[in-house]
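As structure tokens, the structure follows; a few thoughts come after it.
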Amino acid sequence: MPAVLAKMELNGIKVDVAQLSRLSSEFAQRMAQAEEEAFEAAGTHFNLGSPKQIGDIIFGEMGLPGGKKTKTGAWSTDASVLEELANAGHALPRALLTLRQFAKLKSTYSDALKTAINPDTGRVHTSFSLAATTTGRLSSSEPNLQNIPIRTEEGRLIREAFVAEKGHVLVAADYSQIELRLLAHIAGVDALKAAFKAGHDIHAMTASEMFGVPLDQMDPMTRRKAKAINFGIIYGISAFGLANNLGIKRDEAKAYIDSYFEKFPGIATYMDAMKETAREKGYIETVFGRRCHFPGIKDKNPAMRQFAERQAINAPIQGSAADIIRRAMARMDAALEKAGLKARMLLQVHDELVFECPQDEADRLIPLVQEVMGEAALPAVSLTVPLVVEAKAALTWGQAH
DNA sequence: TCGGCAAGCCAC
DNA sequence: AAACGTGGCTTGCCGA
């Protein structure tokens with residue numbers, strides 16, 4: 001296994017070539033159909049892959065209500081813009097969304113993964129960079145296996161093409177809500193810590209606190225709003241960003257954020273503390289004391305400074321999570337060997353580890369992995385929230401979730 | 001033909 | 001003035 005200073009290569013993962021080929025054909029057909037519908041709706045032929053031409057047609061010739069502009073001043077034609085127009089009943093934006101979806105899946109995944117197969121091993125070997133991110137996360141490239149689709153039904157088919165060797169299974173083990181748990185620990189938010197200790201649905205609980213809806217009457221939309229806010233908090237939220245994300249007015253977003261800070265006052269204190277630390281020291285620390293530096297925190301440009309402030313809010317959380325899973329990975333091979341397991345660690349996806357093992361080994365592998373990952377902060381740090389690791393074995397990566 | 005930027009989009 | 005964190009890949013487009 002080649003290993004150089006800044007990169008490491010793990011074992012590689014098997015992909016089902018025939019399945020990828022079937023998907024490429026399927027996606028090509030769906031693209032062709034969407035192209036036909038797009039040209040029909042536009043009443044003219046143009047380059048459907050060119051955002052600029054799309055903008056000219058939709059907002060120029062067709063005169064549909066334009067929304068956002070890109071930073072160069074062109075009409076934005078991104079998914080949120082097209083989605084709004086499609087929902088208003090316009091055929092061209094709907095066709096373009098479909099076309100974009102399948103073009104993405106085909107070019108970036110089903111086609112590219114086939115060419116990434118190493119002929120010697122018959123497997124796909126990514127490269128993990130160890131020092132490429134500001135927070136201490138790994139990154140993955142050539143090919144990137146940390147952004148394999150999962151959120152849509154069609155995209156999930158790509159993940160189903162990652163398979164175990166004959167007689168083996170894949171085991172996916174992921175930390176449940178690790179960043180929110182770390183936020184609760186680092187910021188010392190008792191209400192959040194209590195919820196995690198009790199094993200409650202954290203987004204539902206947040207929604208209940210903020211909107212005064214009893215847990216047993218929680219509706220999906222209210223929970224969704226709370227979920228977006230929870231993520232926003234981790235990212236150094238702004239009313240503008242939340243409004244954009246949820247498709248609501250800025251006033252409404254601001255009211256949500258104010259309400260959140262009122263219910264969980266420890267959060268605002270935490271955010272201010274991180275900004276101040278970054279300003280005074282130039283860096284923040286993860287729970288293990290690893291430092292992340294933010295030179296932009298003193299920039300004369302306010303936008304640069306504010307960006308650095310949001311980074312300083314996010315980095316202790318994201319960085320601590322990166323530390324924890326790295327500690328688990330560092331201990332994993334020895335733990336597997338000690339337990340007499342043949343399992344191999346194949347991939348890391350920020351809060352998830354993927355293993356391959358003989359079929360009859362999975363029942364022993366799963367509790368071991370859960371223990372190593374769950375205890376990974378110890379003995380250096382004793383977290384005040386539990387770390388929960390969900391793990392499942394299956395024949396494909398998609399089914400292991 | 002090549003490199004780089006912009007736009008867009010996939011993941012956590 | 002800008003506007004929610006961390007990445008990588010693909011296409012279109014423009015200039016060398």
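Protein chains get the first letters and strands the later ones, always in sequence-line order, with residue 1 at the start of each.
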Given [options], identify the nucleotide with an atom nearest to the side chain of [X].
X: A:Ile150; options: C:dA3, B:dA11, B:dC10; value: B:dA11
X: A:His350; options: B:dC12, C:dG5, B:dA11; value: B:dC12
X: A:Thr70; options: B:dG8, B:dC10, C:dT6; value: B:dG8

I'd like the P distance from C:dA1 over to B:dG8, given in whole Å.
24 Å
Quote, to the nearest angstrom, the C1' distance that separates B:dC5 from C:dA3.
22 Å
Could you tell me whether [X] and [Y] have a side-chain N and a carboxylate O separated by less than 4.0 Å?
X: A:Asp251; Y: A:Lys254; value: no
X: A:Glu309; Y: A:Arg279; value: yes
X: A:Asp201; Y: A:Arg223; value: yes
X: A:Arg123; Y: A:Glu356; value: yes
X: A:Arg137; Y: A:Glu179; value: yes

Taking 4.0 Å as the cut-off, does a side-chain nitrogen or oxygen of [X] come that near to OP1 or OP2 on [N]?
X: A:Arg305; N: C:dA1; result: no
X: A:Thr134; N: C:dG7; result: yes
X: A:Gln311; N: C:dT6; result: yes
X: A:Arg100; N: B:dC9; result: yes
X: A:Ser139; N: C:dG8; result: yes
X: A:Arg137; N: C:dG7; result: no

Sugar-phosphate only, base, or nothing, as touched by [X] at under 4.0 Å among non-hydrogen atoms:
X: A:Ile234; answer: nothing
X: A:Ala132; answer: sugar-phosphate
X: A:Ala79; answer: sugar-phosphate
X: A:Phe307; answer: sugar-phosphate
X: A:Asn245; answer: base
X: A:Pro302; answer: nothing

Heavy atoms only: give me the nearest A:Lys106-A:Ser110 pair and the separation to one decimal.
CA-OG, 3.3 Å
Determine the minimum heavy-atom distance between A:Ile57 and A:Ala42, stating which atoms define it.
CG2-CB, 4.4 Å
For DNA chain B, find the residues of residues 257-280 of chain A with a heavy-atom distance under 4.0 Å and give them by number; none if there aren't any.
none
Taking [atom1] from [X] and [atom2] from [N], how many angstroms apart are they, rounded to a whole number?
X: A:Ile324; N: B:dC12; atom1: CD1; atom2: P; result: 19 Å
X: A:Ile54; N: B:dA6; atom1: CD1; atom2: P; result: 19 Å
X: A:Arg310; N: C:dT6; atom1: CZ; atom2: P; result: 9 Å
X: A:Glu83; N: B:dG8; atom1: CD; atom2: P; result: 15 Å
X: A:Lys69; N: B:dG8; atom1: NZ; atom2: P; result: 13 Å
X: A:Asp299; N: C:dA2; atom1: CG; atom2: P; result: 13 Å
X: A:Gln101; N: B:dG8; atom1: CD; atom2: C1'; result: 14 Å
X: A:Gln146; N: C:dT6; atom1: CD; atom2: P; result: 15 Å

May I ask you to check whether A:Tyr260 and A:Tyr256 place their ring centres under 6.0 Å from each other?
no
Assign a letter to each nucleotide of nucleotides 9-14 of chain C from its 5' end: B, base within under 4.0 Å of a protein heavy atom; S, sugar-phosphate only; -, no contact.
SSSSS-
Under 6.0 Å from the NZ atom of A:Lys68, do we count more than 12 heavy atoms belonging to anything else shown?
yes
Side chain to side chain contact (heavy atoms under 4.5 Å, CB included) partners of A:Asp219, counting only residues at least two apart:
A:Met221, A:Thr222
side-chain contact (heavy atoms from CB on, under 4.5 Å), that's the test. Do A:Leu368 and A:Leu336 meet it? Break it down for me.
CA-CA 8 Å; A:Leu368 178 74; A:Leu336 296 175; 3.8 Å; yes
